[in-house]
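First up is the structure itself, then whatever we jot down about it.
When a ligand or atom number is given, it counts from 1 through the structure's own listing order.
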Amino acid sequence: MLNGKTALITGASRGIGRAIALKLSNEGASIAAIYCGSEEKARELKAEIDKNGGKINIYKCDVSNFSECENIVKQVISDFGGVDILVNNAGITNDKLVLQMGENDFDSVIDTNLKGAFNMIKHCYRNFMKKKYGKIINISSVSGIIGNAGQANYSSAKAGIIGLTKTVAKELASRNVCCNAIAPGFIKTDMTESFQDNENVLSSIPLKRMGSADEVANLAAFLASDLSDYITGEVIRIDGGLAM
Ligand code: NAP
């Protein structure tokens, strides 16, 4: 489905990003996997994709750093010849009520989760314009749609991702570039470790279970493929019905 395509995926070392890297690779894409702190995990991902006969390079980059992103995108374009699919998945949480939330608690989450996506889009923008083709997939959250107590920083960033998605979709539509957002609910990863299988959480989800990273990866593969060519500027929830 994705033969001949190159996918640049941020936060590919763990969780949802790792599952997306494996899925897109299985579908035939070459993978440029960005990690930040988890070099060993990134190497494990590379070993797995190498073993399966896929193509992958791993790159260390802090997505909140504008010039680091610029350098890495240049390197990826030089290594692979271009980027067809950009998945802005890297993200962090730092949950506190506004009462306890300091300036740095707010800024660090905005810088990674929102500015990080802007940085990668900004530096891939000319590549997409020249190619007259592209699929940009931004990972938002249901917190960005309905809000969540304790997540003023995170839900602001994830709501910002939705605005960014729709704006980029409008700017690049004439160049045949689609830009969509995925808004997951509770997905089993390191990020949600502290409340997995918590009865209050499970009872709030109509499907009565958390989602898996592989289920999010299936949706990302659809949005990365030509099956979704007439979808742009859309936000797709994958949340077991949580935010309906
Ligand atoms: P995770 O398991 O904690 O993984 C986070 C990933 O982001 C890691 O690969 C990490 O890389 C990377 N990352 C963090 N800061 C970075 C930075 N400054 N620069 C580059 N990479 C950075 O989280 P996850 O659950 O898979 O979440 C992935 C995305 O889905 C996030 O955007 C998250 O907000 C969103 N999401 C998750 C859920 C959920 O329930 N899990 C729900 C809604 C939305 P290193 O380890 O290499 O530093």
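Contacts with ligand 1 closer than 4.0 Å are made by backbone heavy atoms (N, CA, C, O) of S140 only, the side chain lying farther away. Residue contacts with ligand 1 for T189 involve side-chain atoms from C-beta outward but no N, CA, C or O (heavy atoms, distance under 4.0 Å). Within the 4.0 Å heavy-atom criterion, the part of K158 lying near ligand 1 is the side chain and not the backbone. Residue contacts with ligand 1 for T192 involve side-chain atoms from C-beta outward but no N, CA, C or O (heavy atoms, distance under 4.0 Å). Using a 4.0 Å cut-off between heavy atoms, A213 makes no contact with ligand 1 at all. Using a 4.0 Å cut-off between heavy atoms, I92 contacts ligand 1 through its side chain alone, with no backbone atom that close. Counting heavy atoms under 4.0 Å from ligand 1, residue F186 touches it through the backbone alone. Using a 4.0 Å cut-off between heavy atoms, T112 contacts ligand 1 through its side chain alone, with no backbone atom that close.
Those atoms of ligand 1 with a heavy atom of C61 less than 4.0 angstrom away are 19 (N), 20 (C). The atoms of ligand 1 that sit less than 4.0 Å from any heavy atom of P184 are 42 (C), 43 (C), 44 (C). For ligand 1, the atoms closer than 4.0 angstrom to any heavy atom of S38 are 45 (P), 46 (O), 47 (O), 48 (O). Near I139, meaning under 4.0 Å from any of its heavy atoms, are these atoms of ligand 1: 29 (C), 30 (O), 35 (C). Within the listing of ligand 1, atoms 5 (C), 7 (O), 14 (C), 31 (C), 32 (O) sit less than 4.0 angstrom from a heavy atom of G91. Near I187, the atoms of ligand 1 lying under 4.0 angstrom from a non-hydrogen atom of the residue are 39 (C), 40 (O), 41 (N). Those atoms of ligand 1 with a heavy atom of Y35 less than 4.0 angstrom away are 47 (O). Set against the non-hydrogen atoms of S141, the atoms of ligand 1 under 4.0 Å away are 43 (C), 44 (C).
Taking a 6.0 Å sphere around NZ of K170, one finds it holds 12 or fewer heavy atoms contributed by other residues, nucleotides or ligands. Summarising the local packing, NZ of K122 is surrounded by 12 or fewer heavy atoms from other residues, nucleotides or ligands at distances under 6.0 Å. Other residues, nucleotides and ligands place no more than 12 heavy atoms under 6.0 Å from the CD atom of E103.
Taking the ring centroids of Y35 and Y59, they lie at or beyond the 6.0 Å cut-off.
For atom 9 (O) of ligand 1, the closest heavy atom belonging to the protein is S13 OG, 2.8 Å. Distance from atom 2 (O) of ligand 1 to its nearest protein heavy atom, with residue and atom name: R14 NH1, 3.6 Å. For atom 48 (O) of ligand 1, the closest non-hydrogen atom of the protein is G37 N, 2.8 Å. For atom 19 (N) of ligand 1, the closest non-hydrogen atom of the protein is V63 N, 3.0 Å. Protein heavy atom in closest approach to atom 33 (C) of ligand 1: Y154 OH, 3.4 Å. Protein heavy atom in closest approach to atom 18 (N) of ligand 1: D62 OD1, 2.9 Å.
Between D214 and S212, the side chains place no donor N or O within less than 3.5 Å of an acceptor N or O (distance only, hydrogens not considered). N138 and T165 are linked by a side-chain donor-acceptor pair at a separation below 3.5 angstrom, with hydrogens and angles left out of the test.
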task = For the pair I85 and L24, evaluate side-chain contact (heavy atoms from CB on, under 4.5 Å) and give the outcome as yes or no after the intermediate values.
result = CA-CA 10 Å; I85 300 157; L24 299 196; 4.3 Å; yes
- Kindly indicate, with the supporting measurements, whether the criterion side chain to side chain donor-acceptor pair (under 3.5 Å) is fulfilled by N94 and Y154. CA-CA 8 Å; N94 188 355; Y154 185 81; over 6 Å; no
List the steps and the verdict of side-chain contact (heavy atoms from CB on, under 4.5 Å) for I110 and S156.
CA-CA 8 Å; I110 297 288; S156 301; 4.1 Å; yes
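Between D84 and K135 no salt bridge is recorded (no basic side-chain N to carboxylate O distance below 4.0 Å). Under 4.0 Å is where a charged nitrogen must lie from a carboxylate oxygen, and between K208 and E199 no such pair does. Of the charged side-chain nitrogens involved, at least one lies within less than 4.0 Å of a carboxylate oxygen, so that D50 and K46 count as a salt-bridged pair.
Y125 does not carry K130 over the face of its six-membered ring by the limits of under 6.0 Å from the centre and within 45° of the normal.
By heavy-atom distance, the residue among V216, N89, I16 lying nearest atom 29 (C) of ligand 1 is N89. Comparing M210, E193, E39, M191 by heavy-atom distance to atom 27 (O) of ligand 1, the nearest is M191. Among A117, G144, A90, the residue whose heavy atom lies nearest to atom 21 (N) of ligand 1 is A90.
Under a 4.0 angstrom heavy-atom cut-off, G185 registers as being in contact with ligand 1. In this structure, I34 falls outside the shell of residues with a heavy atom less than 4.0 angstrom from ligand 1. For the pair S143 and ligand 1, no heavy-atom separation below 4.0 Å is found.
Among pairs with a residue in residues 183-195, those fulfilling salt bridge (Lys or Arg N to Asp or Glu O under 4.0 Å) read R14-D190, K188-D197, at least two apart in sequence or across chains.
Remark: K166 engages no residue in a side-chain hydrogen bond (donor to acceptor under 3.5 Å, both in side chains) (not counting sequence neighbours).
Between F118 and F66, the ring planes are parallel. Angles under 30° get that label, and only those over 60° would be called perpendicular.
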